[in-house]
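Each remark here refers to the structure printed beneath this line.
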Number of protein chains: 2
Amino acid sequence: MTQTSNRTQATRALIALRERILSGVLGPGTRLLEVPLAETLAISRTPLREAMGRLVEEGLLERARGGGFVVRSFGPQDVIDAIELRGVLEGTAARLAAERGVAAEPLAMLEQLTAQLDGCFGNSPGELDFERYSELNAQFHDRLSRLAGSEVIRREIERVTRLPFASPSAFLADGANASAFRHSLHVAQDQHHALVAAIRGREGARAEALAREHARLARRNLDYVLAEDRSLLSRLPGLALMIG
Amino acid sequence: MTQTSNRTQATRALIALRERILSGVLGPGTRLLEVPLAETLAISRTPLREAMGRLVEEGLLERARGGGFVVRSFGPQDVIDAIELRGVLEGTAARLAAERGVAAEPLAMLEQLTAQLDGCFGNSPGELDFERYSELNAQFHDRLSRLAGSEVIRREIERVTRLPFASPSAFLADGANASAFRHSLHVAQDQHHALVAAIRGREGARAEALAREHARLARRNLDYVLAEDRSLLSRLPGLALMIG
DNA sequence: ACGCTCCACAATGTATACAAAGCCGTGATC
DNA sequence: GATCACGGCTTTGTATACATTGTGGAGCGT
């Protein structure tokens with residue numbers, strides 16, 4: 001195939017649309033007209049509508065009154081709330097894991113990940129394997145979401161996390177290699193350690209509180225971007241969805 | 001129109017399918033074959049697929065590997081987790097409302113609802129306007145979900161609540177007028193009062209804890225049904241989705 | 001000049017025919 | 001006897017033509 005090729009047209013349309021929305025080509029509030037869009041993507045309206053339906057599931061589009069789809073817009077408060085919500089949900093996963101107990105293997109896996117994350121920091125203060133940290137951090141949070149063994153919880157975390165600005169990797173994007181964020185990584189990694197210890201020690205309340213506070217690091221980073229360096233807005237994933 | 005008539009075929013299909021799933025006509029794990037289903041509903045496959053897509057959003061269907069849709073199944077643990085999740089989310093709404101403060105009017109509305117709920121209980125122990133309680137309780141929880149003024153939170157609560165067994169009205173269905181549940185209503189109503197007081201007093205942690213414990217009343221009722229009176233399973237909404 | 005109604009167009013909603021892909025059974029070969 | 005490959009069938013995926021609905025504008029009436 002000439003275009004981004006997964007197996008179905010609907011999937012290709014989904015990927016293409018998602019990319020256009022997250023990059024800001026299709027800005028918040030934009031109404032998506034089916035005929036021209038289908039023409040642009042060189043597919044028919046049927047798989048296009050299918051893709052738009054899935055983007056509603058993802059929270060990137062809304063159904064407009066009287067039919068049709070509109071790119072969803074988020075104010076700064078929505079972004080803050082979504083981050084808080086991630087903290088609440090990850091906190092719940094952590095608390096339930098602690099309360100209900102976790103099998104040895106997944107817990108060991110989480111500990112291994114934290115050890116590997118330690119390895120991303122070098123000896124000198126500025127030394128850091130940023131890309132590797134980003135990847136391992138994503139894995140850590142994915143594991144955490146499964147740790148309680150609850151598909152309901154995992155699913156809900158995945159859902160919130162699909163909003164890119166609420167994702168644990170939101171401020172770990174390539175372009176955002178800012179020193180302000182780098183500093184916060186040491187704190188974040190300490191929280192990773194404490195979180196795992198709390199779960200191992202069956203300290204549910206502590207685990208929950210730690211996961212929440214961990215997410216609030218993202219909020220701090222957001223506050224920094226909004227107040228100090230708005231140029232970063234365009235370099236961070238999904239903040240194109242934000243208005244105001 | 002001869003069938004359940006909202007304006008579009010897709011909407012009619014959505015309603016018809018939802019009804020069949022919740023009532024158990026289409027049981028958990030059933031694969032939905034498009035051609036026969038479309039024939040049954042007397043519509044074409046296009047709006048049918050649209051409706052099925054929306055039921056995936058609602059969490060009542062899953063997309064099967066290799067295409068197609070399957071009725072989602074929930075084990076008892078999933079139901080328990082969904083109830084816990086509702087408690088967590090309502091708790092977050094309550095906490096944020098308390099922390100951020102609420103305008104006078106919506107808070108007064110909530111207090112009015114609790115007063116009206118009081119009115120559902122008569123003087124003698126057994127006296128109760130069950131139907132009215134059920135309606136007002138639904139309103140109370142709806143108001144609560146909006147109280148933090150966060151659309152992100154409201155939306156997530158609505159989403160979890162769409163799973164009928166996780167809804168605040170789950171054990172207030174017509175057929176479930178059991179004395180065991182009636183007793184819990186006095187406790188529930190006391191929690192309503194305390195919750196509103198906590199929010200008014202800006203006691204975030206207390207409000208959150210109360211909302212969580214409030215949801216756990218539903219869990220207790222579920223435990224009762226599972227352990228003591230499984231005949232109620234068929235009379236409670238959406239428990240047809242549950243297997244095992 | 002303001003407002004209401006009706007018409008026309010544009011956009012979405014629906015049906016149907018066709019394409020492709022996945023699955024299952026059968027047969028052949030090792 | 002088991003496994004792999006092939007072929008047909010079932011089921012989903014896609015395109016397109018047609019129906020319907022909502023919207024905006026123009027023209028007429030007050």
Side-chain angles (χ1 to χ4, degrees), chain A residues 1-21 25-73, chain B residues 1-21 25-73:
Chain A
M1 293 282 161
T2 60
Q3 295 284 5
T4 37
S5 57
N6 284 43
R7 49 193 184 292
T8 71
Q9 299 285 58
T11 305
R12 277 191 282 277
L14 177 65
I15 293 168
L17 279 181
R18 193 193 282 132
E19 197 280 330
R20 274 158 216 241
I21 293 166
V25 174
L26 296 170
T30 306
R31 176 154 191 183
L32 271 49
L33 297 185
E34 296 177 8
V35 175
L37 246 188
E39 206 165 314
T40 303
L41 301 176
I43 59 173
S44 78
R45 284 175 55 216
T46 310
L48 175 59
R49 298 191 69 179
E50 166 88 22
M52 295 197 294
R54 296 205 194 186
L55 286 169
V56 173
E57 286 178 46
E58 281 190 30
L60 261 43
L61 294 182
E62 298 180 306
R63 298 181 196 275
R65 64 160 192 110
F69 298 85
V70 171
V71 179
R72 194 164 162 204
S73 28
Chain B
M1 293 282 161
T2 61
Q3 295 284 6
T4 35
S5 58
N6 283 42
R7 47 191 180 294
T8 71
Q9 300 285 58
T11 305
R12 276 191 282 278
L14 176 65
I15 293 169
L17 279 181
R18 193 192 284 131
E19 198 279 331
R20 275 159 216 241
I21 293 167
V25 174
L26 297 170
T30 306
R31 176 153 190 185
L32 271 49
L33 297 185
E34 296 177 9
V35 175
L37 245 189
E39 206 165 315
T40 303
L41 301 176
I43 60 174
S44 79
R45 284 174 55 217
T46 309
L48 174 60
R49 297 189 69 175
E50 166 86 23
M52 295 197 295
R54 295 206 194 186
L55 286 170
V56 173
E57 287 178 46
E58 282 190 30
L60 262 42
L61 294 182
E62 298 180 307
R63 297 182 197 275
R65 63 166 184 102
F69 298 84
V70 171
V71 178
R72 195 166 161 202
S73 29

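What you see is a predicted model, and the numbers here were worked out from it, not measured in a lab. Proteins come first, then strands; the chains are lettered A, B, ... in the order of their sequence lines, and each starts at number 1.
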- First of B:T46 and B:P36 reached from the 5' end of DNA chain D, by closest nucleotide: B:P36
- Task: Would you indicate which nucleotide in D:dT12, C:dG22, C:dT12 comes nearest to any side-chain atom of A:R7?
- Result: C:dG22
- Query: Hey, are the side chains of B:F69 and B:R63 touching, using non-hydrogen atoms and a 4.5 Å cut-off?
  - Reply: yes
- Item | SB check B:E50 B:R54 (cutoff 4.0 Å) | yes
- Less than 4.5 Å apart, any side-chain heavy atom of A:E58 and any of A:I21? no
- Task: Report the distance from atom CG of B:L14 to atom P of C:dT14, rounded to the nearest whole Å.
- Result: 12 Å
- Task: Check every strand shown and say whether B:L32 touches a base, only sugar-phosphate, or nothing at a heavy-atom separation below 4.0 Å.
- Result: sugar-phosphate
- Round to a whole Å and report the spacing from CG of B:L48 to P of C:dG13. 16 Å
- Sub-3.5 Å donor-acceptor pair from the side chain of B:R45 to the main-chain atoms of B:E34, do we have one? no
- Message: Mind checking if B:R31 touches a base, just sugar-phosphate, or nothing, with heavy atoms under 4.0 Å?
- Response: sugar-phosphate
- Task: Rounded off to whole Å, could you give me the CZ-to-P distance for the B:R54 and C:dG13 pair?
- Result: 8 Å
- Query: Which nucleotide sits closest to the side chain of A:Q9: C:dA17, C:dT14, D:dA15?
  - Reply: D:dA15
- Query: Can you check the A:L33 CG to C:dG13 P distance for me, whole Å?
  - Reply: 12 Å
- Message: Starting the side chain at C-beta, find the nucleotide from C:dA15, C:dT14, D:dG13 nearest to A:R49.
- Response: C:dT14
- Message: Among C:dA15, C:dG13, D:dG13, which nucleotide has an atom closest to any side-chain atom of A:R45?
- Response: C:dG13
- Item | Value in whole Å for how far the C1' atom of C:dA19 lies from CD1 of A:I43 | 16 Å
- Item | Touch class at under 4.0 angstrom, heavy-atom based, for B:R65 against every strand present | sugar-phosphate
